[in-house]
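Here the structure is laid out as structure tokens; the discussion comes afterwards.
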Amino acid sequence: MRLMTDSLKPIDGLSTRPPPSLLDGLNETQAEAVRATEGPVLVLAGAGTGKTRVLTTRLAHILASGRARPWQVLAVTFTNKAAREMRERVARLLDCSVEGWWVGTFHAACARMLRGHAERVGLKPSFGILDTDDQLRLLKQLIEARNIDAKKLPPRLFSSVMQRWKDRGLTPERVTEAEGADAVDGLALPLYRDYQERLSALNACDFGDLLLHALTLFRDHPDVAERYRNQFRYLLVDEYQDTNVAQYLWLRALAQGHHNLCCVGDDDQSIYSWRGAEVGNILRFERDFPGAKVIRLECNYRSTSHILAAASGLIAHNRGRLGKTLWTTAAGGEKVCVRATWDGEDEARVVCGEIESRRASGHALGEIAVLVRAGFQTREFEERLIILGIPYRVIGGARFYERQEIRDAIGYFRIVVRGDDDLAFERIVNTPKRGLGAATLRAVHQLARGDGLPLSIAAARLVESDELKPQARGSLGRLLADIGRWREMLTRLPHPEVARALLDESGYTAMWQADRSPEAEGRLDNLKELVVALAEFESLPAFLEHVSLVMDNDEAAGDDKVGLMTLHAAKGLEFDTVFLPGWEEGIFPNQRALDEGGEASLEEERRLAYVGLTRARRRAIVTYAASRMVFGTWQNALPSRFVKELPAIDIDHTAPTGLFRATPSRAPADGAWPMAEPVHLAAADTSGAPRWPIRRPTPPLIEGRAERVAARPEPSHPFTTGQRVFHQKFGYGAVRRVDGDRLEIDFEKAGNKTVIHSFVETA
DNA sequence: TCCCTCCTTGTTTTT
DNA sequence: CAAGGAGGGA
């Protein structure tokens, strides 16, 4: 996203040659969503209903019909990936370049506006954009400056509170007294002020600020707001259910001109409330924008009818939906397979075994994905896939530009390009180790703060004086001289060459070469890759502007590998075959979400499950384990309540023999259990005899064919009825009943609770 | 200043 | 269990 001029390639030719095919192939509702260009429109697009197609065609239609020129349309998305896709598709539809158009992420659009009016919000046009790491380091300094115990109240905590305020469009002045007093013992608000002040002084802003400043700009400078309001005749928004309050206010401000706001989204796929997204935005659309037209895209082109029905049946358990009825013309297909497994290892074995046999029958691995609730769950699958020699790719995880070595390298680039980039200076000053520790840094800081200087200038002054120990002085002097030299090199040599020289001469490459850890080699490769990436930009500053906004790293998804990713990362993707492991209470729905967010969070977890199921085109396989190793201890698990919420006629529920008893102990309430009920579900009505079918740590299983010994109930813990015990959270109590691993305990303070034995100790 | 050991703490993540 | 941070010792 560099400086984009509003001049553009000829598109006028299009009006004389209207592409007759633009609406071809769209169904009636989709076409309606494209044609309804005037006034506010909400397109409720269920999973797999052709949302992106509608969005891009609509944009193309607006331009091709001459309703607006390219710079008069603003189209915003959340991710760079989505933005890129939209640009590519529109370019293809109209057969022209989209260079300079306002098609991009919310943040890129705001940054572009702010670059033009930076002074109005107290920044210089060259302002830098902080990444998460910079933010946390900065916050830590501010926390310590206020003598707050950073151990008890870590930077992350403050960061998230402040971030949530920014998500709601609240500058420090706008946070109410009451709320300020409430947040982190009243410490968060003053710290928020410190932080914003510090950012201004650094001529920098964080991601949240891009929107916040844009809002301030509109609010305090009506002329600017007016300008953009008039400019943008048509507004298009992707994934509207993910917008936060700040984004909503920003859109509303822009829509006040021509009122042509079209938002596309799906309330059932809102899974980001924890980072400030407001489902309320989409639920309230008709009230917010009077006269709004609501168009529902309900014809699903992706999944088979069983998958669709299973997903719909599940999501129907949520309340407060706008409601959609997805349907498909593709009848039949396989039922959703639900499979019980013994434990995490067994689950990985089952899933990867399936993958293996699909590969053997010619299935493309790139069309298979394993979608987990949390990142750590990928480990077991990775291990198993490695054993089987099946290529895979973990999507998400540490992104390229977030890796330590990349940020360090970029830190060097930053300090060379912008001598006053204090955060970059701090980052690299003692990396690699050059004997510049806390003491030296303190001296530099002190001088810098006292005289209002950037750190590197202060450091240069210190080197001239004799206030430093000779060693530190020499070392710091050498670093500064190096920086100066690299800066000079930049004026006469190609920047990739300078980058290479810089990494060598600074000792940074050598640092990783000397490193014996297994990942060092990969890091060196990454550094080489970085230099290659660099060459694609015309200059180092141009590159830096790019990385600050475009932190994505789409691994070439070209090669044929199984995808491992979180459910969040899977949103927007689709695969022939989708495995959904870990459907257990506590894992999915996630315990923490349940504890912290109650019913609302449960519904979000359910939406996550919905997102997962609807990623599948032909086959969805849900698995759960009866026992799982969690944080180093074995825990028994109950199947996720979501399993029971899947309509029985659309699923095929199986379990290995021995895991379930032969006959159900009670009739399934809603017909949801077409087979023997898992014993661990029947636990409630028992009278004490331990009959837990789960073994303690899984015995190593010989490759291939080992008979599973039916688990026998074993007294795996010493607790007996009447015994006095202690629990970390609930305190002291007496055991009232023993039921396998579960103990019903009458706690003195907390009352009657059923807990797993491993959580209590004898008192 | 650096390195090692002990202790804590475990979702989801884009820009 | 495993990783990352903090604090103490050399």
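Lettering follows sequence order; numbering is per chain, from 1. What you are looking at is a predicted structure, and each value in this text was computed from that prediction instead of being measured.
Identified under the salt bridge (Lys or Arg N to Asp or Glu O under 4.0 Å) test for residues 563-575 of chain A, with sequence neighbours left out: E239(A)-K571(A), D242(A)-K571(A), R302(A)-E574(A), E574(A)-R617(A).
T171(A) pairs by the side-chain hydrogen bond (donor to acceptor under 3.5 Å, both in side chains) definition with E173(A), not counting sequence neighbours. Applying the ring pair (Phe, Tyr, Trp, His ring centres under 6.0 Å) test to H568(A) and every residue at least two apart in sequence or in another chain returns Y272(A), W274(A). With sequence neighbours excluded, no residue forms a ring pair (Phe, Tyr, Trp, His ring centres under 6.0 Å) with F579(A). In this structure T440(A) satisfies the side-chain hydrogen bond (donor to acceptor under 3.5 Å, both in side chains) test with no other residue, sequence neighbours excluded. By the ring pair (Phe, Tyr, Trp, His ring centres under 6.0 Å) test, F588(A) pairs with W583(A), F642(A), sequence neighbours left out. Applying the side-chain hydrogen bond (donor to acceptor under 3.5 Å, both in side chains) criterion to H445(A), with sequence neighbours excluded, gives E426(A). With sequence neighbours left out, D421(A) forms a side-chain hydrogen bond (donor to acceptor under 3.5 Å, both in side chains) with R414(A). In this structure F78(A) satisfies the ring pair (Phe, Tyr, Trp, His ring centres under 6.0 Å) test together with F106(A), sequence neighbours excluded.
Using a 4.0 Å cutoff on non-hydrogen atoms, the parts of residues 428-438 of chain A near DNA chain B are N430(A), K433(A), G435(A), G437(A), A438(A), ordered by number.
One interatomic measurement links the two molecules: CG of L567(A) to P of dT13(B), which rounds to 9 Å at whole-angstrom precision. At whole-Å resolution of the value, CD in Q247(A) and P in dT14(B) are 15 Å apart. If you measure from atom CG of L476(A) to atom P of dT1(B), you get 12 Å, rounded to the nearest angstrom. Straight-line distance from the CD atom of E383(A) to the P atom of dA2(C): 9 Å, rounded to whole Å. The nearest whole Å value for the distance from the CG atom in L210(A) to the C1' atom in dT14(B) is 12 Å. If you take CG of L211(A) and C1' of dT14(B), they are 12 Å apart, rounded to a whole angstrom. In this structure, the CG atom of D242(A) is 11 Å from the C1' atom of dT13(B), given to the nearest Å. L441(A) has its CG atom 13 Å from the C1' atom of dT1(B), to the nearest Å.
When the P atom is compared between dT11(B) and dG4(C), the two are found 13 Å apart, to the nearest whole Å.
Of all non-hydrogen atoms in L210(A) and C205(A), the two that sit nearest each other are CD2-SG, 3.8 Å.
A distance-only check finds no donor-acceptor pair linking the side chain of R628(A) to the backbone of D343(A) [under 3.5 Å].
In terms of position on DNA chain B, the residue among R156(A) and A439(A) whose nearest nucleotide sits closer to the 5' end is A439(A).
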Sort me out a list of protein N/O and nucleotides 4-12 of chain B N/O pairs below 3.5 Å, or just none if empty.
unit_1	atom_1	unit_2	atom_2	d
dT11(B)	O2	R373(A)	NH1	3.2
dT11(B)	O2	R373(A)	NH2	2.6
dT12(B)	OP1	G375(A)	N	2.6
dT12(B)	O4'	R373(A)	NH1	3.1
dT12(B)	O2	W274(A)	NE1	3.2
dT12(B)	O2	R373(A)	NH2	3.2

Just the atom pairs and distances: protein N or O near nucleotides 4-8 of chain C's N or O, under 3.5 Å.
unit_1	atom_1	unit_2	atom_2	d
dG7(C)	OP1	K151(A)	NZ	3.4

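When each of T52(A), T77(A), V76(A) is tested with M86(A) by the rule side-chain contact (heavy atoms from CB on, under 4.5 Å), just one qualifies, namely T77(A).
Contact annotation: N80(A) side-chain N/O to dT15(B) OP1/OP2 distance is under 4.0 Å.
S601(A) comes within contact range of no nucleotide atom at all, as no heavy-atom separation falls under 4.0 Å.
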